[in-house]
Novice: 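Mind looking over this structure? Questions follow.
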2 protein chains.
Amino acid sequence: MDTFTDLLRNYNLKATPQRLAILQVISRYGHINIDNLYNEIKSQFSSISLATIYKNINSMTEVHLLAEVKLPNTKSVYEIVKEGHAHLKCELCGDIEDLTIDTNSIFADISKLHNFKINQSDVILSGVCKSCQ
Amino acid sequence: MDTFTDLLRNYNLKATPQRLAILQVISRYGHINIDNLYNEIKSQFSSISLATIYKNINSMTEVHLLAEVKLPNTKSVYEIVKEGHAHLKCELCGDIEDLTIDTNSIFADISKLHNFKINQSDVILSGVCKSCQ
DNA sequence: CTGACTGCAAACGTTTTGCACGGTA
DNA sequence: TACCGTGCAAAACGTTTGCAGTCAG
């Protein structure tokens, strides 16, 4: 039961070995940037090209299977899409953690006050994580 | 009373005409990306070079006089630094508005629960603004 | 007067593109 | 089999750098 195969097909994307490898690596790391993704995949799939990584990241992001997380002072990382959550970024070890809170509802009142219809909220909290303190 | 001159000097940066023009444009727009900034300034300062824009944006960002705001699906914009506030980004007209709420305090409890010391919070709410609805 | 800043052009790293080949459905 | 996806190399893009000249303090 290769879930990623189904996932890709749901979005009308062919389940190629390259794409499956990308999804496996991303899901293992939770969040990863392009360089690390490329190196990680090359070690188990030496023939893969960087252009393929880019093309696939782009096509999977386009259909909202993946999401780009833009971080302060660092390269973007990519994650498999899941609903409204915040990101904790440790400024010391660089680790990114998910914070599963309903970010949209937090801002619901505020947005109503400003007559602003929120579709998406991107929240990044930077600081020092548990293990680095 | 040229406030920007003083502001620059407080950060040990020389108050050159180019820098003053950059700050005037940014403060007029609130938020602006590199391209628009360059074009805007060129129209009143035709000799300015793009490299100068970049160098100044970088030096002013380094000393935290300016801040980069990384936005989903769009180029980053720059703003003059001010304390903890969120950004509303209209997906239709592209307009960026400030939302003056104490973002850090919103997440204070949550971060305590996770033993995470927050230094900075970046919040971007994307959706549809008042006038676009 | 001195060091910081500017503008130009060249260099750089990252991302995208075109194309021939190969693989999925 | 038809089309989508891959890999390579080249191109495009945004940003940075080195340098000689200029200007702010």
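Here is the naming used below: chain letters follow the sequence lines, and residue numbers restart at 1 for every chain. Computed from a predicted structure; not experimentally measured.
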Novice: How far does CG of B:Asn39 sit from CD1 of B:Ile32, to the nearest 0.5 angstrom?
Specialist: 9.0 Å
Novice: Rounded to whole angstrom units, what separation is found between the CG atom of A:Leu20 and the C1' atom of D:dC4?
Specialist: 15 Å
Novice: Please confirm whether the backbone N or O of A:Leu71 pairs with a side-chain atom of A:Thr74, one donor and one acceptor, at under 3.5 Å?
Specialist: no
Novice: Just how far, in rounded Å, is P of C:dT14 from CG of A:Asn36?
Specialist: 12 Å
Novice: Mind checking side chain to side chain contact (heavy atoms under 4.5 Å, CB included) for A:Pro17 and listing every partner two or more places apart, or none if nothing turns up?
Specialist: A:Phe45
Novice: Between C1' on D:dT6 and CD1 on A:Ile22, what's the gap in Å once rounded to a whole number?
Specialist: 11 Å
Novice: Give every residue pair that meets the side-chain hydrogen bond (donor to acceptor under 3.5 Å, both in side chains) criterion with at least one member in residues 58-72 of chain A, sequence neighbours excluded.
Specialist: A:Glu68-A:Ser76
Novice: Nearest heavy atom decides the nucleotide; on that basis, is B:Leu50 or A:Ser49 closer to the 5' end of DNA chain D?
Specialist: A:Ser49
Novice: Only pairs at least two apart or in different chains count here, so list each side-chain hydrogen bond (donor to acceptor under 3.5 Å, both in side chains) that has a residue in residues 11-23 of chain B.
Specialist: B:Arg19-B:Asn56
Novice: Any ring-ring contact (aromatic ring centres under 6.0 Å, His included) pairs touching residues 88-131 of chain A, not counting sequence neighbours?
Specialist: none
Novice: Just jot down the side chain to side chain contact (heavy atoms under 4.5 Å, CB included) partners of A:Glu79, sequence neighbours excluded, or say none.
Specialist: A:His31, A:Ala67, A:Val69, A:His85, A:His87, A:Asp98
Novice: Within less than 4.0 Å of OP1 or OP2 of D:dG7, is there a side-chain N or O belonging to A:Gln18?
Specialist: yes
Novice: Report the distance from atom OH of B:Tyr11 to atom P of C:dC5, rounded to the nearest whole Å.
Specialist: 16 Å
Novice: Find which nucleotide of DNA chain C each of B:Ser47 and A:Ala51 is nearest to by heavy atoms, and output the residue with the more 5' nucleotide.
Specialist: B:Ser47
Novice: Give the residues of residues 55-64 of chain A touching DNA chain D, defined as any heavy atom closer than 4.0 Å, sorted by residue number.
Specialist: A:Lys55, A:Asn56
Novice: Please report, rounded to the nearest Å, how far the P atom of D:dG7 is from the CD1 atom of A:Ile41.
Specialist: 10 Å
Novice: Kindly state each residue pair satisfying salt bridge (Lys or Arg N to Asp or Glu O under 4.0 Å) with at least one member in residues 36-50 of chain A, sequence neighbours excluded.
Specialist: A:Arg28-A:Glu40
Novice: Residues two or more places apart in sequence or in another chain: which of them pass side chain to side chain contact (heavy atoms under 4.5 Å, CB included) with B:Ser49?
Specialist: B:Ala51, B:Thr52
Novice: Give DNA chain D the dot-bracket treatment, 5' to 3': Watson-Crick (N1-N3 with N6-O4 or O6-N4) or G-U (N1-O2, O6-N3) under 3.5 Å, [ ] crossing, | other strand.
Specialist: |||||||||||||||||||||||||
Novice: Scan nucleotides 21-23 of chain C against the protein and return all N/O pairs shorter than 3.5 Å with their distances rounded to 0.1 Å.
Specialist:
none

Novice: Are a donor atom and an acceptor atom from the side chains of B:Glu91 and A:Asn119 found within less than 3.5 Å of each other?
Specialist: yes
Novice: How many whole angstroms separate atom CD1 of A:Ile53 from atom C1' of C:dT16?
Specialist: 15 Å
Novice: Taking atom C1' of D:dG25 as reference, at what distance in whole Å does atom CG of B:Asp6 sit?
Specialist: 14 Å
Novice: Side-chain N or O of B:Thr16 less than 4.0 angstrom from OP1 or OP2 on D:dA24?
Specialist: no
Novice: Quick one: A:Asn12 CG to D:dC4 P, roughly how many Å, whole number?
Specialist: 10 Å
Novice: Report the residues that fulfil side chain to side chain contact (heavy atoms under 4.5 Å, CB included) with B:Ser121, sequence neighbours left out, ordered by chain and then residue number.
Specialist: A:Leu125, B:Thr103, B:Asn104
Novice: Partners of B:Asp35 by salt bridge (charged side-chain N to carboxylate O under 4.0 Å, His left out), sequence neighbours excluded?
Specialist: B:Lys75
